[in-house]
Amino acid sequence: MEPVDKDKERVKELTDLLNKYNYEYYVLNQSEVSDAEFDRLMEELQLIETRRPDLKDRLSPTSRVGGGIASGFKKVTHKKYMLSIADVFNTDELYAFDETVRKATGLDKVEYMCEVKIDGLSCSLLYENGDLQVASTRGDGSVGEDVTDNVLTIPSIPLHIKEKREFEIRGEVYMPKASLKRLNDERAKNGEPLFANARNAASGSLKNLDSRVTASRHLEAWWYYVPDGLELGFNTHAEALDYATSLGFRTNPERRLVHGIEEVLAYVEEYHKKRPSLSYDIDGLVIKVNDMRLYDTIGYTMKVPKWEIAYKFPPEEQFTKLEDIEISVGRTGRVVPTAVLEPVRVAGSLISRATLNNEDYIKAKDIRIGDTVSLHKAGDVIPEVGKVLLERRPKGTEPYHFPTECPFCHEPLTKVEGQTFCKNGKCPSRQINNLILFVSDAGMDIDGLGEKLVEMLFNEGIVTSIDQFYTLKDHKEELMLMDGIGEKTCASLFEAIEKSKQNDLYMLLCGLGIPLVGKKTAIVLANHYQSLDALMATSKEELSSLSDVGEVTADRILAYFGDPHNQEIIAKLKEHGVNTHLLHPIQEAKNNFFKGKKFVLTGALSVSRDTMTKRLEALGAKSASSVSKATDFVLVGSDPGSKYDKAQKLGITIYTEEQITPLIEEAEKAQEE
């Protein structure tokens, strides 16, 4: 007879108790024990596992507190594609959705499940033999990231379920409003940047390589879809959700089964009002056909199912005081009015400035300095002033008079098709914005030359035309007198400027600021002409025949290169050694995981950094030398330095070479097809 292993028995007893208490507290919102008693039991289990590592299970309740730092996230291929949902924005579009469903099914009235749309990060949980095996993000729908260690820190997620068949459930990981407030209060005390909204905070927390950080962020999750519901024996979405609830998953009680489109609209109206009172952010509602047997009949598009729709709420609206109207002049000469506002939080962001579009927009709404105005985010992104609250207008306010001369060069302004322009090519505001474009990631992508520094260089007369960036090393003493610029900054800046001389031709074409020539057109021009000289010598007929050019763009290109001032600038760029030839044929990157993403390399790789950078850039990614909030991912090799630490602090996704190489190869293969 084998001796009784008391530690093993106690571990099982503690595990069962802690899992039970977690479920009661985080799912049922009730508790049999005090926090102190729960903590005592958890500490006891941790002590036994420390003394007896052989008894430590990866799904132990102690995993809720997080572990060590991971080297990166593995790639996970979803067994079934994680589709996105098509958006609608008004009742007419909801009626059209219902009509499409009824036509496909032949039903007079359809039973729908209405649910709130959580503003978080999509996630999938996969269980085998009752145990959680892997938790993954949505990624591109086909391939996501393994975030199991981080998901284990969310107390409401069951580590074991009674269903022994393979079971997948999908939902949304989010940060409750209270958790976001607590986190931002802590970050404010530490002088750290605040998270703009709960979605960004949840995403950064779930993708943090240190699961202990994730645990400290107090994330939560709602689970709303069983992709194998039919195979598991359920006929309706409601039945599958009820079963998931019985297994211990947090399913949202705000869901409602309705009959027909009129009841859907009543639900929409109700949650327009109820939205602010919820303890978490929602950005809309999801309406699904309840009978899963109809899904194949209703069908799918390439990207979305036709049996569900996401109703998006109108942009959140707040009211604030308009304190001033500022006028800016862009590099093309377009004059843009901007509202200076008393700061107010809109859709999770603190807004103090917003677009006023143009002179006609201000006149049509009779917007005056001192008015109380509504503020929303156009497309949920760009802050925009809506209406004026006339009943709050202070006495004595005057209609706003749009300037008739440029505030920077004092030349007369011209109005063309509703937009106002400064036609003076030597206007300082236009010149500064031209300089900013040249060094930005949309142009020559010279690290270290931010907007403020460029403006200072212009105002000091050090750089007034783009060729003078390449003489900046002659002004080192003047540079070092500027705030925040020392020996190390100068060295990095000069190195980045020197490196930019080897940029490919299309980057130079983008940076020159030729009207109507963006990256796509620049690539077409570079591939066809292969040198700047050949492009400058071309004819309108040849230009117009190229894809993405046409007659209007051809006229703008010829006018730009026909200007003696521009010819002089280009001659000086050549003298400084700036490349003006196609280095290798550029293929516009197809849509892939990397396109448009900004990355930073750190540490030693198995190949040169230059080789890795070129591979990623060929897929549409953008390289940078320093980590910032704008960085999408960091690729780390052996012995990474401070960039790795900063990426962790900012919650930026980190990949090892082993993890990213298969993704690169997959994207390169698709590029060739």
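It should be emphasised that the depicted structure is a prediction, and the values quoted were computed from it without experimental measurement. Residue indices begin at 1 and follow the sequence shown.
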Give, for atom [atom1] of [X] and atom [atom2] of [Y], the distance between the pair rounded to the nearest 0.5 Å.
X      : Y      : atom1 : atom2 : value
Leu278 : Glu254 : CG    : CD    : 5.5 Å
Arg353 : Glu323 : CZ    : CD    : 11.5 Å
Asn566 : Leu512 : CG    : CG    : 8.0 Å
Leu558 : Asp563 : CG    : CG    : 12.5 Å
Glu384 : Ser374 : CD    : OG    : 9.0 Å
Tyr280 : Ser179 : OH    : OG    : 14.0 Å

N-O pairing of [X] and [Y] below 4.0 Å:
X      : Y      : value
Glu359 : Lys363 : yes
Asp360 : Lys415 : yes
Asp366 : Arg393 : yes

Please work out whether the ring planes of [X] and [Y] are parallel, tilted or perpendicular, with thresholds of 30° and 60°.
X      : Y      : answer
Phe633 : Phe599 : parallel
Tyr112 : Phe97  : tilted
His237 : Tyr225 : tilted

inquiry  = Surrounding CD of Glu451 (heavy atoms of other residues, nucleotides or ligands, distance under 6.0 Å), is the total greater than 12?
reply    =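 Not buried by this count: 12 neighbours or fewer within 6.0 Å.
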
query = Got a sec: does the CD of Glu417 have more than 12 other heavy atoms crowding it under 6.0 Å?
reply = no

message = As a quick check of understanding, evaluate side chain to side chain donor-acceptor pair (under 3.5 Å) for Glu411 and Asn424, giving each step before the final call.
response = CA-CA 7 Å; Glu411 291 290 318; Asn424 178 17; 4.9 Å; no

With no hydrogens and no angle check, is any side-chain donor or acceptor of [X] less than 3.5 Å from a backbone partner on [Y]?
X      : Y      : result
Arg368 : Thr397 : yes
Arg199 : Gly120 : yes
Arg331 : Asn434 : no
Arg256 : Glu115 : no
Thr553 : Gly550 : no
Ser429 : Val329 : yes
Glu99  : Tyr95  : no
Thr100 : Ala96  : yes
Lys288 : Met113 : no
Arg275 : His272 : no

Looking at every heavy atom in both [X] and [Y], which two are closest together, and how far apart are they?
X      : Y      : value
Pro394 : Asp371 : CD-OD1, 4.4 Å
Val304 : Ala86  : CG1-N, 3.7 Å
Ala202 : Val173 : CB-O, 4.2 Å
Met175 : Leu183 : CE-CD2, 3.9 Å
Asn433 : Gly330 : ND2-CA, 3.8 Å
Phe421 : Thr332 : CD2-O, 4.0 Å

Taking atom types as modelled, find out whether [X] and [Y] have a side-chain donor-acceptor pair closer than 3.5 angstrom.
X      : Y      : value
Thr320 : Glu342 : no
Arg255 : Thr251 : yes
Ser205 : Arg217 : yes

request  = Evaluate side chain to side chain donor-acceptor pair (under 3.5 Å) for Thr464 paired with Gln431, printing each intermediate quantity in order.
outcome  = CA-CA 7 Å; Thr464 57; Gln431 288 180 296; 5.9 Å; no

